[in-house]
Amino acid sequence: MPAIDQHLADPLLWPADPEAARAVQERLAGRVRVAPLDLDSVSLVAGLDVTYAPGDAGLVAAVVLLELPSLRVVESHTVTAEPAFPYVPGLFAFRELPPLLRALRRLEAEPDVYVCDGYGLAHPRRFGLACHLGVLLDRPALGVAKSAFVGEAEPPAPARGSAGDLRDGGEVIGRSLRTRDGVKPVYVSVGHRVDLDSACELVLRLSPRYRIPEPIRAADQLSRARLAASGG
DNA sequence: GCGACAG
DNA sequence: ATCTTGTCGC
């Protein structure tokens with residue numbers, strides 16, 4: 001597995017135009033692996049998020065490392081940068097991964113799994129941000145999104161823990177998962193080296209109190225705070 | 001062509 | 001995503 005620095009320096013991975021970016025996704029999508037993840041062996045979880053300044057005048061990428069089962073923060077890092085790729089639905093990774101990878105490079109401990117704010121296989125080319133990160137690092141990764149993007153989501157029962165299929169055509173590409181009683185579900189999909197069951201089980205363990213899993217919440221709050229502190 | 005469209 | 005505080009309800 002190439003180091004993060006090699007990925008960041010590889011021009012073939014970071015095309016400037018959307019057409020070439022889609023081709024990169026199609027090329028890398030074949031590397032995604034779906035497999036059960038033994039949650040008993042998971043003790044360090046990384047949460048990732050990016051916050052943008054109005055008008056795309058800068059961004060802050062944040063990574064927070066939490067330990068299980070306490071959910072306490074053991075590391076947190078931020079990177080400030082200028083957006084280098086526009087927001088194009090379906091091409092998120094080309095906008096968010098470069099600064100996120102630079103933040104991940106600073107981690108002292110290696111996460112057992114990466115939790116991304118967005119989708120994995122629930123993507124037009126089955127290669128969302130969580131797949132992209134997971135494949136580049138060849139590490140377990142999953143995506144948790146706050147809204148649907150592709151496919152049709154079956155509404156879960158009202159109780160926390162209930163889930164419904166997220167389908168595109170006949171294919172199950174993710175799950176709508178209720179993390180709080182009576183509260184709008186989140187949308188979970190596989191990134192790499194996990195399966196839907198282990199991904200959903202982990203998301204529930206990471207969301208004992210709030211709708212959004214703690215690692216993503218923590219990264220979101222950190223990136224917002226860092227952006228506000230840098231003025232704008 | 002039109003609308004919808006992770007953050 | 002961002003522009004945005006308090007308030008109501010569980």
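These numbers come from a predicted model, not from an experiment.
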inquiry  = For C:dA1 and A:Arg95 - does any side-chain N or O of the residue sit under 4.0 Å from the phosphate oxygens OP1/OP2?
reply    =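 Result: no.
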A:Asp138 and salt bridge (charged side-chain N to carboxylate O under 4.0 Å, His left out): which single residue from A:Arg193, A:Arg31, A:Arg33 fits?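 The salt bridge (charged side-chain N to carboxylate O under 4.0 Å, His left out) with A:Asp138 is passed solely by A:Arg193 among A:Arg193, A:Arg31, A:Arg33.
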Do A:Tyr87 and the base of C:dA1 stack face to face, with centres under 5.5 Å apart and an angle between planes under 30°?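 So no, this residue does not stack on that base, at least one cut-off failing.
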Output the rounded distance in Å from [atom1] ([X]) to [atom2] ([N]).
| X | N | atom1 | atom2 | result |
| --- | --- | --- | --- | --- |
| A:Glu96 | C:dA1 | CD | C1' | 9 Å |
| A:Phe85 | B:dA6 | CZ | P | 16 Å |
| A:Ile216 | B:dA6 | CD1 | P | 15 Å |
| A:Leu227 | C:dC3 | CG | C1' | 13 Å |
| A:His132 | B:dG7 | NE2 | C1' | 16 Å |
| A:Tyr187 | B:dC5 | OH | P | 11 Å |
| A:Arg224 | C:dT2 | CZ | C1' | 9 Å |
| A:Asp56 | C:dA1 | CG | C1' | 9 Å |

For the pair [X] (side chain) and [Y] (backbone), establish whether a donor and an acceptor sit closer than 3.5 Å, ignoring hydrogens and angles.
| X | Y | answer |
| --- | --- | --- |
| A:His192 | A:Pro140 | no |
| A:Arg72 | A:Pro69 | no |
| A:Ser230 | A:Leu227 | yes |
| A:Glu75 | A:Ala109 | yes |
| A:Arg211 | A:Lys184 | yes |
| A:Ser198 | A:Leu37 | yes |

>> As a test of reading the structure: which of C:dT2, B:dA6, B:dG7 is closest to the side chain of A:Thr51, going by heavy atoms?
In response: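 Within the option list, the nearest is C:dT2.
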Original post:
Choosing from C:dA1, B:dA6, C:dC3, which nucleotide comes nearest the side chain of A:Pro54?
Top reply: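 Of C:dA1, B:dA6, C:dC3, C:dC3 is nearest to the side chain of A:Pro54.
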Within the 4.0 Å heavy-atom criterion, would you say [X] contacts the bases, only the backbone, or no part of the nucleic acid?
| X | answer |
| --- | --- |
| A:Asp49 | sugar-phosphate |
| A:Leu91 | base |
| A:Gly55 | nothing |

Margin query: With a 4.5 Å cut-off on side-chain heavy atoms, are A:Asp112 and A:Val45 touching?
Written below: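 With C-beta onward as the side chain, the pair stays apart.
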Under a 4.0 Å heavy-atom criterion, the protein footprint on nucleotides 4-10 of chain C, written with B, S and -, is -------
Are A:His132 and A:Phe92 an aromatic pair by the rule of ring centers under 6.0 Å?
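Here the rings of A:Phe92 and A:His132 have centres that are no less than 6.0 Å from each other.
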*Tell me the stems DNA chain B sits in, counting at least three consecutive Watson-Crick or G-U wobble pairs, each under 3.5 Å on both distances.*
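Paired runs of 3+ in DNA chain B: none detected.
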- Query: With A:Leu48, which of A:Leu104, A:Val115, A:Leu97 fulfils side-chain contact (heavy atoms from CB on, under 4.5 Å)?
  - Reply: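 The single option meeting the side-chain contact (heavy atoms from CB on, under 4.5 Å) with A:Leu48 is A:Leu104.
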Going by number, which of residues 141-149 of chain A have a non-hydrogen atom under 4.0 Å from DNA chain B?
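By residue number: A:Ala145, A:Lys146, A:Ser147, A:Ala148, A:Phe149.
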- Please report the closest heavy-atom contact between A:Arg125 and A:Glu26, naming both atoms and the distance.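 Nearest pair, atom of A:Arg125 first, then A:Glu26: CD-OE2, 3.4 Å.
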Between A:Asp220 and A:Lys146 (salt bridge meaning N to carboxylate O under 4.0 Å), is one present in this structure?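 Here A:Asp220 does not pair with A:Lys146 in a salt bridge, since their nearest N and O are not under 4.0 Å apart.
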